[in-house]
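Only one structure is covered here, and it is reproduced in the block below.
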Protein chains: 2
Amino acid sequence: MLQSGQQLDLVFAALADPTRRAILARLAAGEATVNELVEPFDLSQPTISKHLKVLEGAGLVSRGREAQFRPVRLNAAPLETAAHWIGDYRRFWEESFDRLDAYASELHRKEKNHGRKRKRSSK
Amino acid sequence: MLQSGQQLDLVFAALADPTRRAILARLAAGEATVNELVEPFDLSQPTISKHLKVLEGAGLVSRGREAQFRPVRLNAAPLETAAHWIGDYRRFWEESFDRLDAYASELHRKEKNHGRKRKRSSK
DNA sequence: GCATAATATTGCTATTTGGCAATATAGCCA
DNA sequence: TGGCTATATTGCCAAATAGCAATATTATGC
């Protein structure tokens, strides 16, 4: 089992590529074969296979076996982990809490005083 | 202005590094100077500065100017974009819709029949 | 068994990334 | 002015990444 930090590394890294996000979007419409995933892109089949390996490594897709096909299906569970991580920051874009926080901490830092006196007149 | 796709590239790539996520976590407690951000890590100051540049490039932090300090503060707006993107997949981990979808599309694919007949007896 | 179709693997590139030490820049204060 | 502090920049390296063409693998169906 992967530690959650490394899990997030892999998931966010996988999501950082537009081709891979497009693949996930396609899979949201249902499972697909590799060739079906190749079609919409101007990329070679091996390249798509490599992307699929990255997605699989992040746990975002899983593969089936059906004749000579290896159908790819979306596995959204890791997205929940990612959503949860991001969700911890929700208040920072929903409220204007950040301003208050930033100000409070700025004061705090000034008081701790990193080897210098007080600031006198900003700017 | 950046296109939303490239924006997502940068944001997810920024979030893919544990050091950068830790920096954001620290900034959630309020703004900080570069040196304050260096302290908790066993990394050099230039390395942290480079991470900050990545975060800044993704729009996740912004810099101030105060004497010789360049205070770093969290800017959560891009996280909202990321959260929204991930949110489109919420039903896939909340409901068991995916199973239905996958099955439906599998049937569809079999009917379209990519150059072969029907499956006979799996495995 | 053989031809074909689907997918994976194997080199091979060019680019990007994360790290460092060393050095440069910039602002404060005495 | 000169020295100190905070931060940025530069130059370097090793590892990872995204892409390709070519080839190998695997299963089907005649």
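- Rounded to whole angstrom, the span from the CG atom of B:Leu37 across to the P atom of D:dA6 amounts to 13 Å.
- With sequence neighbours excluded, the residues forming a side-chain contact (heavy atoms from CB on, under 4.5 Å) with A:Ser62 are A:Arg73, listed by chain and number.
- Set against D:dT9, D:dT28, C:dA6, the side chain of A:Phe69 has C:dA6 as its closest nucleotide.
- Applying the salt bridge (Lys or Arg N to Asp or Glu O under 4.0 Å) test to pairs two or more places apart or on separate chains, those with a residue in residues 4-18 of chain A are A:Asp9-B:Arg21.
- For residues 78-88 of chain A, no pair satisfies side-chain hydrogen bond (donor to acceptor under 3.5 Å, both in side chains), with sequence neighbours left out.
- Remark: C1' of C:dT17 and CG of B:Leu10 are 14 Å apart, rounded to the nearest angstrom.
- Straight-line distance from the CD atom of B:Glu66 to the C1' atom of D:dT7: 14 Å, rounded to whole Å.
- A sub-4.0 Å separation between OP1 or OP2 of C:dA26 and a side-chain N or O of B:Arg70 is absent.
- The CZ-P distance, from A:Arg63 to D:dT25, rounds to 18 Å in whole Å.
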For A:Gln6 and A:Leu10: C-alpha separation, side-chain torsions, deciding distance, then whether side-chain contact (heavy atoms from CB on, under 4.5 Å) applies. CA-CA 6 Å; A:Gln6 308 174 50; A:Leu10 295 175; 5.5 Å; no
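- Of the side-chain N and O atoms in A:Ser49, one or more sit less than 4.0 angstrom from OP1 or OP2 of C:dA8.
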Could you walk me through whether A:Phe92 and B:Leu74 pass the side-chain contact (heavy atoms from CB on, under 4.5 Å) test, one step at a time? CA-CA 8 Å; A:Phe92 288 105; B:Leu74 179 63; 3.8 Å; yes
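- Comparing the local axis fitted to the first five base pairs of the helix from C:dG1-D:dC30 to C:dA30-D:dT1 with the one fitted to its last five gives a bend of 10°, rounded to 10°.
- Remark: B:Ile86 CD1 to A:Leu24 CG distance equals 10.5 Å, nearest 0.5 Å.
- If you measure from atom CD of B:Gln68 to atom C1' of D:dA6, you get 6 Å, rounded to the nearest angstrom.
- One atom, CZ of A:Arg65, and another, C1' of D:dT25, lie 11 Å apart when rounded to the nearest Å.
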Contact letters for nucleotides 12-22 of chain D, in which S counts primed atoms plus P, OP1 and OP2 and B counts the base, heavy atoms under 4.0 Å: ------BBBBB
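- When each of B:Leu79, B:Leu27, B:Leu60 is checked for a side chain to side chain contact (heavy atoms under 4.5 Å, CB included) with A:Tyr89, only B:Leu79 meets the rule.
- Counting only residues at least two apart or on different chains, no salt bridge (Lys or Arg N to Asp or Glu O under 4.0 Å) pair has a member in residues 40-60 of chain B.
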Decide yes or no on side-chain contact (heavy atoms from CB on, under 4.5 Å) for A:Leu52 and A:Arg63, but give the supporting numbers first. CA-CA 9 Å; A:Leu52 290 175; A:Arg63 315 292 306 265; 4.2 Å; yes
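- The phosphate of D:dT5 (OP1 or OP2) has no side-chain N or O of B:Asn35 nearer than 4.0 angstrom.
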